[in-house]
Amino acid sequence: MQPTPLDLAAATQLPAGAIPGTLVFDPRRPWLAPLAGYTDLPFRLLCREYGASVCCTEMVSAKGLIYHSPGTRDLLLTLPEDQPLVVQLFGCEPDVMRQAMSPLLERGFRWFDLNMGCSVPKVVRTGCGAAMLKDVPNALAVARAMVDMAGEGHVGFKIRLGWDASQEVWAELARGLQDVGAGWITLHPRYARQGFGGTARWSALRDLAGMLDIPVIASGDLFTAADGVRCLRETGASTVMYARGAMQWPGVFAEHAALWDAPQGATPPGATPQEARAAILAMIRRHAALARAYSNNRIALFKMRTFVPRYVHDLPGVRQLRQGLGSCMDWNTLDTLLHEFLLHAEDDIAQPHARPSNI
């Protein structure tokens, strides 16, 4: 059962010329961003069913791969249906990146991404993530090592504007990355010090897209399909990468494709409250089925308890649902909670942030 009111057959058709395993850079076909703790195999498969053209793994530590850290292997679980897949790594030493990528290439992984944008303190303290923006020569040395291993065009790089306003390096760094053989650049147009505060500077995306000969993927403040389509039309980026928007409503991928095809300026009719709630329930049930099929049952249940509040965060009564989820210890209880909450609650969905439409 397809958990969305949209015509997925039309919304998820690959562009002409695309073949399995080939990365798609098409404004109609958005990517799923790498999200630590969220973009595991079940969630990626769910997003692909809604039309995500390319998915990224959770961020994987290069040193964790070398030293076989517990849990690192699970981040790389995949299936033939989970293609094309980009493995996102973090690390800040050329030799370490070479060592980490060698076994991945032997296992058949083909596409890679280096995270130079994560501003989480425990990552930055190691000199990785957004801390790499402070040392452009080293960042380029790491990039060169990765491209040498995987081949030109097979490695992308996620960057920010710079560490802060006094160190704006995105243009210099992006040009250097293109020169060493990057396949694409993803720009989250905020400074590292901003975290997710303030507003993403989409004008930098427009400037970068006009500056480079390789694809530019837009990131930042993309909560709905309307946000993504507007960003692409304003910036000329090759495609967008949904992060928080996908975490709140995986159907954003299908809605994006449908909205891109709709006449500009058209206002899509919204789903009724009953239709919206039914679509959310169907989507969560599908996610739960995938989680049970492809991960440890106990871990899958606990993870669903963290996903569900994001899916229903703007609905009335969600606080009470959170309390019920906190003591939920089996799948039947979870389904009963969701059925009662979504199909027997009040129908007043007040200005939802991202919800099913009937485009």
Side-chain angles (χ1 to χ4, degrees), residues 3-4 6 29-60 75 82 85-86 88 113 115 117-120 123 158 186 188 190 195-197 200 217-229 231 239-257 259 276-277 279-291 294-295 299-315 318-319 321-322 325 334 338 341-342 349 351-357:
T4 173
L6 295 177
R29 299 281 296 168
W31 289 30
L32 172 64
L35 296 162
Y38 289 92
T39 49
D40 59 6
L41 176 60
F43 185 65
R44 295 197 306 267
L45 293 174
L46 177 70
C47 289
R48 289 183 190 278
E49 290 184 4
Y50 280 106
S53 65
V54 178
C55 293
C56 301
T57 67
E58 300 178 57
M59 189 170 62
V60 179
L75 299 178
D82 184 33
L85 178 66
V86 175
Q88 189 185 66
D113 182 80
N115 191 318
C118 180
S119 58
V120 173
V123 173
K158 187 169 185 180
T186 303
H188 183 148
R190 283 182 169 91
F196 293 96
I217 301 179
S219 176
D221 292 353
L222 304 175
F223 298 105
T224 67
D227 294 332
V229 169
C231 178
T239 191
V240 297
M241 182 179 279
Y242 284 109
R244 288 179 285 177
M247 289 164 66
Q248 293 171 358
W249 173 237
V252 69
F253 298 98
E255 291 190 353
H256 178 107
L259 184 58
R277 290 180 182 276
I280 295 167
L281 179 58
M283 179 271 292
I284 295 175
R285 284 174 168 167
R286 179 57 178 155
H287 190 175
L290 290 167
Y294 297 113
S295 59
I299 294 174
L301 180 61
F302 287 151
K303 291 193 77 169
M304 285 303 300
R305 286 166 41 175
T306 67
F307 271 104
V308 167
R310 290 185 175 274
Y311 292 151
V312 300
H313 73 285
D314 54 8
L315 303 186
V318 70
R319 180 175 297 181
L321 176 65
R322 285 179 184 271
L325 289 171
L334 175 65
L338 293 170
F341 176 74
L342 287 167
I349 300 180
Q351 298 300 316
H353 203 42
R355 279 292 178 267
S357 65

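The closest side-chain heavy-atom distance from R190 to S119 is not below 4.5 Å. Residues W249 and T224 fail the side-chain proximity criterion, which asks for heavy atoms closer than 4.5 Å. You'll find the side chain of S295 stays beyond 4.5 Å of the side chain of D40, heavy atoms only. The shortest distance between side-chain heavy atoms of D221 and D227 does not fall below 4.5 Å. Residues T57 and L75 are not in side-chain contact: their nearest non-hydrogen atoms beyond the backbone lie 4.5 Å or more apart. Proximity of K158 to C118: side-chain heavy atoms (C-beta onward) are nowhere separated by under 4.5 Å. R322 places none of its side-chain heavy atoms less than 4.5 Å from the side chain of V308. Within the 4.5 Å cutoff, no side-chain heavy atoms of W31 are placed close to those of C55.
Ring-plane geometry between F196 and H188 is classed as tilted, the angle between the planes lying from 30 to 60 degrees on a 0 to 90 degree scale.
Nearest heavy-atom pair across T186 and S219 is CG2-CB, 4.0 Å. Summarising the geometry of I284 relative to L342, their closest heavy-atom pair is CD1-CD1, 4.4 Å, with the distance given to 0.1 Å. Of all heavy-atom pairs spanning L46 and P250, the tightest one is CD2-CG, 3.8 Å. In terms of heavy-atom proximity, F341 sits nearest to R277 at O-NH1, 3.5 Å. A pairwise comparison of heavy atoms in R29 and G51 identifies NH1-O, 3.3 Å as the closest pair. Shown here for F43 and A246, the closest heavy-atom pair between the two residues is CZ-O, 3.6 Å.
Going from atom CG of N115 over to atom CD of E58 covers 12.5 Å, rounded to the nearest 0.5 Å. Note that CZ of R48 is 7.0 Å distant from CG of L45, once rounded to the nearest 0.5 Å. Atom CG of L315 sits about 5.0 Å away from atom CD1 of I280, to the nearest 0.5 Å. Rounded to the nearest 0.5 Å, atoms CG (L41) and CG (L290) are 8.0 Å apart. Here M283 contributes atom CE and R286 contributes atom CZ; the two are 12.5 Å apart, rounded to the nearest 0.5 Å. The structure places NZ of K303 at 9.0 Å from OH of Y38, a figure rounded to the nearest 0.5 Å.
Proximity of a side-chain donor or acceptor of R305 to a complementary backbone N or O of L325 within less than 3.5 Å is detected. In this structure, R44 contributes its side chain and T39 its backbone to a donor-acceptor pair below 3.5 Å. Looking at T239, its side chain never comes within 3.5 Å of a backbone N or O of I217 through a donor-acceptor pair.
The distance between the ring centers of H256 and Y50 does not fall below 6.0 angstrom.
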- prompt: For H313 and V318, what are the C-alpha separation, side-chain angles and deciding distance, and is it a side-chain contact (heavy atoms from CB on, under 4.5 Å)?
  reply: CA-CA 6 Å; H313 73 285; V318 70; 5.5 Å; no
